[in-house]
Amino acid sequence: MTEVAPVTVAEAERVQEALRRRVDLTIPLPGPPATVAGLDVSYEVGSDRVVAAAVLLDVATARVRRAEFAVGEVNFPYVPGLLAFREVPFLLAALEKLTVRPDVLVCDGYGVAHPRRFGLACHLGVLTGLPSLGVAKTPFTARFDPPEQARGAWSPLVDGGETVGRAVRTQTGVKPVFVSVGHRIGLAEATGLTLALAPRYRIPEPTRQADLLSRTVLRELPPAG
DNA sequence: GCGACAG
DNA sequence: ATCTTGTCGC
């Protein structure tokens with residue numbers, strides 16, 4: 001099958017509609033995850049160059065075990081709802097450099113809390129076959145009430161009458177993050193994992209570390225040609 | 001029709 | 001996403 005990357009918005013939306021049927025949310029995690037991979041992408045100003053990072057962490061300690069990255073040029077514009085077509089190619093490249101298969105993918109963005117129920121986290125989950133979840137930093141299309149102030153408090157993200165995720169307070173008195181499932185994981189599991197991986201900062205360690213790495217690499221890259 | 005809109 | 005210093009608060 002010749003999988004051609006979508007070029008137009010209409011094509012990309014059709015790809016999402018097709019891929020979303022491969023999302024499996026009927027099964028929980030096989031067991032307590034031992035490792036996770038945090039994923040993120042940094043963009044260079046004034047060029048199309050990007051750095052994608054994939055960082056492997058132990059869940060028990062929330063410490064980094066190994067880290068990889070991939071450099072590339074984006075070929076798809078940022079369109080709300082189509083973020084995956086911009087970042088997935090590079091995230092997959094960085095992931096492949098990780099010789100270990102993580103138990104869960106922690107993505108920077110949304111999973112099913114998406115207009116077509118197929119955000120970046122679902123996309124990566126389906127393409128890799130791995131359990132995945134999304135942790136976004138800002139609201140998107142779902143509605144929510146502010147959760148209580150205490151760390152661990154959460155409130156449902158509602159869209160089109162259905163609960164598609166949770167606004168989760170990872171630190172007391174700090175803005176919530178937005179958790180949604182991507183593939184092969186439950187919402188309660190995704191919430192618990194997010195909290196376990198955010199012992200100190202608002203952003204859970206996996207994506208926080210991936211963000212730091214992608215930024216550092218980008219900063220030390222030779223000037224764009 | 002208008003507004004809103006992950007990164 | 002990215003451009004950007006200091007500053008308020010715990």
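Naming convention: chains lettered A, B, ... in sequence-line order (proteins, then strands); numbering from 1 in each chain.
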Practice task
Quickly work out the A:R200 CZ to C:dC10 P distance and round it to whole Å.
Solution key: 17 Å
Problem - Rounded distance (Å) that lies between atom P of B:dC5 and atom NZ of A:K137 - result: 16 Å
Exercise for the section: Apply side-chain hydrogen bond (donor to acceptor under 3.5 Å, both in side chains) to A:R202 and A:Q171, showing your working. Expected result: CA-CA 6 Å; A:R202 179 172 86 113; A:Q171 299 299 326; over 6 Å; no
Practice task
Indicate whether OP1 or OP2 belonging to B:dG7 is found under 4.0 Å from a side-chain N or O atom of A:T138.
Solution key: yes
Completion exercise
Note, DNA chain C 5' to 3' with Watson-Crick or G-U pairs under 3.5 Å encoded as ( ), [ ], | and . gives ..........
Problem - Shortest side-chain distance from A:P80, nucleotide among B:dG7, C:dC3, B:dA6 - result: B:dA6
Practice task
Would you indicate what A:L91 reaches in the nucleic acid, counting non-hydrogen atoms under 4.0 angstrom: base, sugar-phosphate, or nothing?
Solution key: nothing
Practice task
Determine whether the side chains of A:T99 and A:R66 contain a donor N or O and an acceptor N or O closer than 3.5 Å.
Solution key: yes
Handout entry: Distance-only polar pair, side chains of A:T191 and A:R166, donor-acceptor under 3.5 Å
Key = yes
Practice task
Identify whether any heavy atom of A:G81 sits under 4.0 Å from a base atom; if not, whether one sits that close to sugar-phosphate; answer base, sugar-phosphate or nothing.
Solution key: base
Handout entry: Residue that, paired with A:F178, satisfies ring pair (Phe, Tyr, Trp, His ring centres under 6.0 Å) out of A:F144, A:F140, A:W154
Key = A:F144
Exercise for the section: For A:L212 and C:dA1, give me the distance from atom CG to atom C1', rounded to whole Å. Expected result: 15 Å
Problem - Spacing of A:R116 atom CZ relative to B:dC5 atom C1', expressed in whole Å - result: 12 Å
Exercise for the section: Determine whether the side chains of A:E87 and A:Y43 contain a donor N or O and an acceptor N or O closer than 3.5 Å. Expected result: yes
Fill in the blank from the handout: Atom CZ of A:F140 and atom C1' of B:dA4 are separated, to the nearest Å, by 9 Å
Exercise for the section: Check whether NZ of the Lys or CZ of the Arg A:R86 lies under 6.0 Å from the centre of the six-membered ring of A:Y78 and within 45 degrees of that ring's axis. Expected result: no
Handout entry: Atom pair distance, as rounded to whole Å: CG in A:L120 and P in C:dA1
Key = 13 Å
Completion exercise
Of the candidates B:dA6, B:dG7, B:dC5, the side chain of A:T141 sits closest to B:dC5
Practice task
May I ask you to say what A:P115 touches in the nucleic acid, namely base, sugar-phosphate or nothing, with a heavy-atom cut-off under 4.0 Å?
Solution key: nothing
Handout entry: Ring-base stacking, A:Y78 with B:dG7 (5.5 Å, 30° cut-offs)
Key = yes
Handout entry: Gap between atoms OH and C1', on A:Y43 and B:dA6 respectively (whole Å)
Key = 10 Å
Practice task
Take atom CG of A:L221 and atom P of C:dT2, then tell me their distance rounded to the nearest Å.
Solution key: 14 Å
Handout entry: SB check A:D108 A:K137 (cutoff 4.0 Å)
Key = yes
